[in-house]
Every structure is written in structure tokens, then in C-alpha cells.
Amino acid sequence: QVQVVESGGGLVQPGGSLRLSCAASGVIFSIDVMGWYRQAPGKQRELVATITSGGSINYADSVKGRFTISRDNTKNTVYLQMNSLKPEDTAVYYCNVKVKVITALLDYWGQGTQVTVSS
């Protein structure tokens with residue numbers, strides 16, 4: 001079965017940096033889109049960034065210029081480099097993986113990793 005595991009979260013001061021990683025295992029078919037979402041307490045889950053198998057990238061306006069998403073297709077791994085972190089970036093960050101299976105897309109989520117930005 002497909003498993004999605006995030007890592008790299010933690011506590012960082014404002015202006016600091018973190019690098020999140022997400023590895024998908026057990027994937028027989030091709031991965032179409034990998035992305036990062038986040039959810040703060042009392043807030044809806046929101047898109048942070050996505051990257052397609054062809055390298056097309058979308059960012060939320062709130063993170064443009066500060067975050068960078070990338071992927072290593074040989075490892076089925078997606079990364080999120082987060083720079084110039086702000087307290088409002090504090091949230092649980094979730095990895096999303098969409099697997100193409102002939103005529104369908106199957107959606108998989110990781111358990112999340114906590115990112116806390118505080119002085």
C-alpha cells in the first residue's frame with residue numbers, strides 16, 4: 001500500500017528556515033502531483049505549494065518568494081524549503097500525493113509535521 005511520511009518540522013525563530021521532506025513508498029503507478037498543505041488551529045486546511053510530474057509549480061500568495069517546492073522523482077520525494085519564516089506560518093504541514101492509475105487519480109495524505117515559528 002502507499003505510505004506518505006513527512007519529516008523536518010520543528011521550532012524555529014522568526015526569520016529562520018526549515019526544510020520539510022515527504023517520501024511516498026509503495027507506489028506502483030506514476031505520481032502525478034505532489035504538494036504541501038497546512039492547517040493552523042481553528043483554521044481551514046490551505047494549499048501551500050504543488051508541483052506536477054512535469055515540474056509545473058503553484059504557490060499560495062502568502063508564501064511566494066519565501067518557500068520553494070521541489071521533487072526528486074527517482075526517490076518519490078517532495079521537499080519544501082521554507083525561508084524567512086513568520087509566526088503566521090505556524091501550522092501542521094501535510095504532504096499530498098496524487099497517483100495516476102490509468103483513468104483515475106488516487107489521493108494520499110501524510111500524517112503531518114508541526115512547524116512552530118516563535119521567538
Between [Y] and [X], is there a side-chain heavy-atom distance shorter than 4.5 Å?
X: Val115; Y: Leu18; result: yes
X: Tyr108; Y: Val99; result: yes
X: Met82; Y: Tyr93; result: yes
X: Leu80; Y: Val48; result: yes
X: Tyr79; Y: Asp72; result: yes
X: Pro14; Y: Pro87; result: yes
X: Gln81; Y: Ile69; result: no
X: Cys22; Y: Val4; result: yes

Can you tell me how far [atom2] of [Y] sits from [atom1] of [X], rounded to the nearest 0.5 angstrom?
X: Ser25; Y: Asn76; atom1: OG; atom2: CG; answer: 9.0 Å
X: Leu47; Y: Asn58; atom1: CG; atom2: CG; answer: 7.5 Å
X: Thr68; Y: Arg19; atom1: OG1; atom2: CZ; answer: 9.0 Å
X: Tyr94; Y: Tyr37; atom1: OH; atom2: OH; answer: 14.0 Å

Ile31 and Ala24: which non-hydrogen atoms are nearest, and at how many Å? CD1-CB, 4.1 Å
For Lys64 and Asp61 the tightest heavy-atom approach is NZ-OD1, 3.1 Å
Connected via hydrophobic side-chain network under 4.5 Å: Val92 and Leu20: no
Do Val33 and Ile28 belong to the same hydrophobic cluster, where Ile, Leu, Val, Met, Phe, Trp and Tyr are linked whenever their side-chain heavy atoms lie under 4.5 Å apart, directly or via other members? no
Could you walk me through whether Leu11 and Ser118 pass the side chain to side chain contact (heavy atoms under 4.5 Å, CB included) check? CA-CA 7 Å; Leu11 175 64; Ser118 176; 4.3 Å; yes
Let's go through Val78 and Cys95 carefully: what are the C-alpha distance in whole Å and the side-chain angles of both, what is the deciding distance for side chain to side chain contact (heavy atoms under 4.5 Å, CB included) to 0.1 Å, and is it a yes or a no? CA-CA 8 Å; Val78 63; Cys95 179; 3.7 Å; yes
Is the backbone N or O of Glu88 less than 3.5 Å from a side-chain atom of Thr90, with the two atoms forming a donor-acceptor pair by type? no
Check whether Gln111 reaches the backbone of Val5 with its side chain - one donor and one acceptor, N or O, closer than 3.5 Å. no
Residue pairs passing the salt bridge (charged side-chain N to carboxylate O under 4.0 Å, His left out) test where at least one lies in residues 106-119, sequence neighbours excluded: Lys98-Asp107
With sequence neighbours excluded, give me every salt bridge (charged side-chain N to carboxylate O under 4.0 Å, His left out) pair touching residues 39-58. Arg38-Glu46
Can you list the steps and then say if Asp32 with Leu105 is a side chain to side chain contact (heavy atoms under 4.5 Å, CB included)? CA-CA 8 Å; Asp32 187 10; Leu105 286 175; 3.9 Å; yes
Could Lys86 and Asp89 be called an ion pair, given the rule that one side-chain N must be under 4.0 Å from one carboxylate O? no
List the steps, then state whether ring-ring contact (aromatic ring centres under 6.0 Å, His included) holds for Phe67 with Trp36. CA-CA 11 Å; Phe67 291 10; Trp36 292 93; over 10 Å; no
Do Ser17 and Asn83 get their side chains close enough for a donor-acceptor pair, meaning under 3.5 Å? yes
Between Val2 and Val97, does a side chain to side chain contact (heavy atoms under 4.5 Å, CB included) hold up when you go through it step by step? CA-CA 10 Å; Val2 175; Val97 177; 5.6 Å; no
